[in-house]
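Before any comments, here is the structure.
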Amino acid sequence: MAAMPELPEVEVTRRSFADAIEGATVLQARLGKPLRWPLGLDCASLVGGRVGAVTRRGKYLWLPISGAPAQAGDGSADGSASSAGLLMHLGMSGSLAFTAQAGPPGTHDHFDLLTDRGLLRLTDPRRFGAVVWSPSQQTGPAAKLLAGLGLEPFDPRFNGLHLHAGLSGRRVAVKLALLAGDIVVGAGNIYACEALFLAGIDPRLAAAKLSRPRAERLAQAVRSVLAQALEAGGTTLRDFKDAHGVAGSFQMQARVYGREGQPCLICAHPIKRITQGQRSTFFCSQCQKK
DNA sequence: CTGGGCTCCTGTCAGC
DNA sequence: TGCTGACAGGAGCCCA
């Protein structure tokens, strides 16, 4: 079962278990095969900890865990932002399930957090995902990983002006600049392609060459594509499911992604596929201009 | 500082 | 049916 964790999928996952797990007590933790980075803590040290409010930053989830007896120097016991916790990333193939009853771990289940309210389980075949212990979001490994992330797409400060400023002085193609995530987070390969199509912008256009008005349109398109996907339950192309195993509603139809050779929905010109930064870009050469 | 390319690992699918 | 190669939604890191 493939997950497709771009921002909407991560947010849908978060919403699907955040309320249920908040306030739970950790009974046990287990690691499977190594993920992208080491946990940085003994699983046993998590036992007795209390899970706080799960938040998201970009495609990362933050699970505050406070008050575990074995955690030295953990001053906070209320699950607040300054609490210690786990920074999680789903990589390219990760998914989280939170269930009351779960069987023994399967081949691709590489992290379990058993609580008195249920089991949070990370399944990740490719193991590009990560679960990393950090003394807080603002310090330690979490701070390092979250540093340099751009604005959240739904942050009111993310607008055409911000995008235009971020793109200025960059020679890279506008699509790669979007993907880099240091201007705005959350647009992965699919949604970057889709947003550029919506905005009528050629993905190969040098970032700095995008005019202010077109940057405005692109910012709007990024928000709109991500909002649509979010509303649809995070569904994009395949079989994404949230932490209860609920599938998305399949409303977010890709207009260009994965449609090489098929007619553009606007002008019927065949959709093109090119490679940018070792990744596929889909676009309509007729509707998307430089 | 920017930009380009590589890398981690496994599953799936198309083609022969 | 079996093998092989291409490709996959992320993103940190290293080097020019």
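The chains referred to below are lettered A, B, ... by the order of the sequence lines, with proteins before strands, and numbering in each begins at 1.
With DNA chain C read from its 5' end, the first of the two nearest nucleotides for A/Arg279 and A/Arg273 is the one closest to A/Arg273. The residue among A/Leu149 and A/Ser280 whose nearest nucleotide of DNA chain C lies closer to the 5′ end is A/Ser280. Residue whose closest nucleotide on DNA chain B sits further toward the 5' end, between A/Thr107 and A/Arg36: A/Arg36.
Salt-bridge annotation for A/Arg170 and A/Asp182: present, with a side-chain N of the basic residue lying under 4.0 Å from a carboxylate O of the acidic one.
Atom CD of A/Gln276 and atom C1' of B/dG5 are 15 Å apart (whole Å). Rounded to whole Å, the distance from CD on A/Glu260 to P on C/dA6 is 16 Å. Rounded to an integer number of Å, the gap from A/Met92 CE to C/dG12 C1' is 14 Å. Rounded to an integer number of Å, the gap from CD of A/Gln278 to P of C/dA11 is 16 Å. At whole-Å resolution of the value, CG in A/Leu176 and P in B/dC6 are 15 Å apart. Residue A/Lys175 contributes atom NZ, which lies 14 Å from atom C1' of C/dA11 at whole-angstrom precision. Rounded to whole angstrom, the span from the CG atom of A/Leu35 across to the P atom of B/dT10 amounts to 11 Å. For the pair A/Leu179 CG and C/dG10 P, the interatomic distance rounds to 7 Å; values are reported in whole Å.
Looking at heavy atoms from C-beta onward, A/Ile65 lies in side-chain contact with A/Leu113 at the 4.5 angstrom threshold. Using a 4.5 Å cut-off on side-chain heavy atoms (C-beta onward), A/Val131 and A/Leu35 make contact.
Only the P atoms considered, B/dC6 is 15 Å distant from C/dA6, to the nearest whole Å. Comparing B/dC9 with C/dC3, their P atoms are spaced 24 Å from each other, to the whole Å.
Judged by distance alone, the side chains of A/Arg223 and A/Gln220 do bring a donor and an acceptor atom under 3.5 Å apart. In summary, the side chains of A/Arg273 and A/Ser280 do present a donor paired with an acceptor at a separation below 3.5 Å, with no hydrogens or angles considered. Side chain to side chain, A/Thr139 and A/Ser136 meet the donor-acceptor criterion of an N or O pair below 3.5 Å.
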Base-pair string, DNA chain B, Watson-Crick plus G-U, cut-off 3.5 Å on both distances, | for inter-strand, is .|||||||.|||||||
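Counting non-hydrogen atoms under 4.0 angstrom, A/Arg171 reaches the backbone sugars and phosphates but no base.
Once the 5.5 Å centre distance and the 30° plane angle are applied, the aromatic ring of A/Phe128 is found not to be stacked with the base of B/dC9.
Counting distance only, with no hydrogens placed and no angle test, the side-chain atoms of A/Arg127 and the base atoms of B/dC9 include no donor-acceptor pair under 3.5 Å.
For the side chain to side chain contact (heavy atoms under 4.5 Å, CB included) test with A/Val10, the passing option among A/Arg57, A/His89, A/Arg56 is A/Arg56; the others fail.
Considering only side-chain atoms of A/Arg126, the nucleotide from C/dG12, B/dG3, C/dA8 that sits closest is C/dA8. Across B/dT10, B/dG3, C/dG12, the shortest atom-to-atom separation from the side chain of A/His108 is found for B/dT10. The listed nucleotides are B/dT10, C/dG12, C/dC13; the one nearest the side chain of A/Tyr60 is C/dG12.
Regarding contacts with the backbone of B/dT10, a side-chain N or O of A/Lys33 is found under 4.0 angstrom from either OP1 or OP2.
Pairs passing the side-chain hydrogen bond (donor to acceptor under 3.5 Å, both in side chains) check and including a residue from residues 281-290 of chain A, sequence neighbours excluded, read A/Lys175-A/Thr281, A/Gln276-A/Thr281.
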